[in-house]
Amino acid sequence: MRRGVAIAALLLTVATRAPADAAPSAEITGGNAFSNERHWPYYVSLIESWAPPGKRPLTPGLNAVLVRVEPNGFARIDFGRDGLFEVPVAKTDLIARANAIRTGREPKATPNFTFAIGPRLVGSAAPELRALPQGALARARAYLCVFANPRSASFKAVARSIAIRAPRADVAVLFFPQGDVPDTEVGERLRSLGSPMPFLWNHLSEPYTATLLAAEPHFPRWLLLSAEGRRIAEGAWSRRSSARIEAALSAELASRAAQQP
């Protein structure tokens, strides 16, 4: 089986599984917030003053975007011009907002990552670049995000190794081009390599790369996310990446199966 097809098959299997969340009736706490991702709010606020290491304190009530909850009791939060930080969940109203979503007091129609990334993508299937149609990712349940410079010598191998022969709406491979490469050139490069995946507009790609990747990255790089933005696995691209991606998806599948009632 081709590597790309194998990755696609695993992505599709993960995507069609029920979410590995706690029972809807279970109250969300700091201890189970990570496993209740479908109730993660998109926006959160500080409930008390908090100072990032070496920075001035941020004031309570400051509204910010939740990137993801981490399994260590922290949340990765984007405060816009004030910075991107790992904040203790207990310092925020994340739990209160999550319980409001759980009980139906606050609506949530779209998974967080899908909501954030959908309007910022451009399709590369046709020479005339257009924003991805609204709702194109409505069924997406897993994302393989690829970060690379399309002009680099290694990009040809990367693009071809993750090419999916039979894409479906419930999975998505997204490209985050690095470097100041014009959008038209990115689209042409993807089409020429037979991998016309959606990609972020030039002016948005690098800021979103910094938001999603937790450490100073080495490119090319890959990142597996759930539709809510939960990090499944990531790594620098190498000859072993396809096998690592498949292993990460297999582990995700096994974990979800184990949590089903």
Side-chain angles (χ1 to χ4, degrees), residues 1-17 20 67-68 70-71 76 113-114 117 121 124-125 137 140-168 170-179 181 185-200 204-257:
M1 179 182 288
R2 291 177 181 269
R3 287 292 189 192
V5 175
I7 293 173
L10 281 165
L11 274 168
L12 288 168
T13 306
V14 170
T16 54
R17 287 274 180 166
V67 178
R68 59 178 173 255
E70 302 287 12
R76 187 170 178 81
F113 184 70
T114 301
I117 209 68
L121 293 170
S124 63
L137 301 176
R141 296 295 179 268
Y143 293 90
L144 172 57
C145 302
V146 181
F147 306 82
N149 188 321
R151 291 176 174 171
S152 67
S154 62
F155 184 66
K156 181 177 180 180
V158 171
R160 289 185 172 176
S161 70
I162 54 89
I164 294 179
R165 301 297 181 182
R168 285 177 49 177
D170 53 0
V171 297
V173 180
L174 308 180
F175 181 48
F176 293 70
Q178 305 301 301
V181 182
E185 182 179 335
V186 175
E188 182 178 349
R189 182 73 167 144
L190 292 173
R191 289 191 303 277
S192 70
L193 295 174
S195 187
M197 59 188 122
F199 65 93
L200 262 74
L204 294 174
S205 184
E206 292 193 16
Y208 267 80
T209 297
T211 297
L212 294 173
L213 298 180
E216 188 67 28
H218 171 72
F219 300 115
R221 194 168 188 85
W222 57 271
L223 171 66
L224 283 171
L225 294 174
S226 71
E228 293 289 354
R230 176 175 54 86
R231 182 172 54 188
I232 299 170
E234 71 173 280
W237 204 278
S238 69
R239 293 180 179 179
R240 298 180 180 179
S241 290
S242 292
R244 289 187 61 195
I245 291 168
E246 292 173 23
L249 288 169
S250 294
E252 171 76 0
L253 177 61
S255 175
R256 291 189 179 201

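Small disclaimer: the values here were computed from a predicted structure and weren't measured.
Taking every heavy atom of both residues into account, H218 and A236 meet most closely at CD2-CB, 4.0 Å. The shortest non-hydrogen separation linking I232 to S226 is CD1-N, 4.0 Å. The minimum heavy-atom distance between F175 and V146, with the atom names listed, is CD1-O, 3.3 Å. Shortest non-hydrogen contact noted between A140 and T114 is O-OG1, 4.3 Å. Between F176 and C145, the shortest heavy-atom contact is CE1-CB, 3.6 Å. Heavy atoms only, all atoms of each residue included: S124 and F199 are closest at CB-CE2, 3.7 Å.
Between the OH atom in Y208 and the CZ atom in F147 there is a gap of 12.0 Å [rounded to 0.5 Å]. Distance CG/L200 to CG/L121: 5.0 Å, rounded to 0.5 Å. For the atom pair CZ of R244 and CG of L224, the computed distance is 10.0 Å after rounding to the nearest 0.5 Å. Note that CZ of R141 is 9.0 Å distant from CD of E228, once rounded to the nearest 0.5 Å. If you take CE on M197 and OG on S195, they are separated by 3.5 Å, rounding to the nearest 0.5 Å. Between atom CD1 of residue I245 and atom CG of residue L144 there is a gap of 5.0 Å, rounded to the nearest 0.5 Å.
Other residues, nucleotides and ligands contribute at most 12 non-hydrogen atoms within 6.0 Å of the CD atom of E188.
Listed by chain and number, the residues in a ring-ring contact (aromatic ring centres under 6.0 Å, His included) with F219 amount to none (sequence neighbours excluded). Under the rule for a side chain to side chain donor-acceptor pair (under 3.5 Å), R189 has no partner lying at least two apart in sequence or in another chain. The side-chain contact (heavy atoms from CB on, under 4.5 Å) test applied to A210 returns no partner, not counting sequence neighbours. With sequence neighbours excluded, the residues that form a ring-ring contact (aromatic ring centres under 6.0 Å, His included) with F113 are Y143. Applying the side chain to side chain donor-acceptor pair (under 3.5 Å) rule to Q178 yields the partners T209; only residues at least two apart in sequence or on another chain are considered.
The side-chain heavy atoms of P217 and L213, taken from C-beta on, include a pair separated by under 4.5 Å. With a 4.5 Å cut-off on side-chain heavy atoms, V173 and W222 do not count as touching.
Screening residues 145-157 for salt bridge (Lys or Arg N to Asp or Glu O under 4.0 Å) gives R151-E185 as the qualifying pairs, with residues at least two apart or on separate chains.
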Passes side-chain contact (heavy atoms from CB on, under 4.5 Å), L225 versus R231? Steps please.
-> CA-CA 5 Å; L225 294 174; R231 182 172 54 188; 4.2 Å; yes
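A donor-acceptor pair under 3.5 Å is formed between the side chain of R76 and the backbone N or O of T211.
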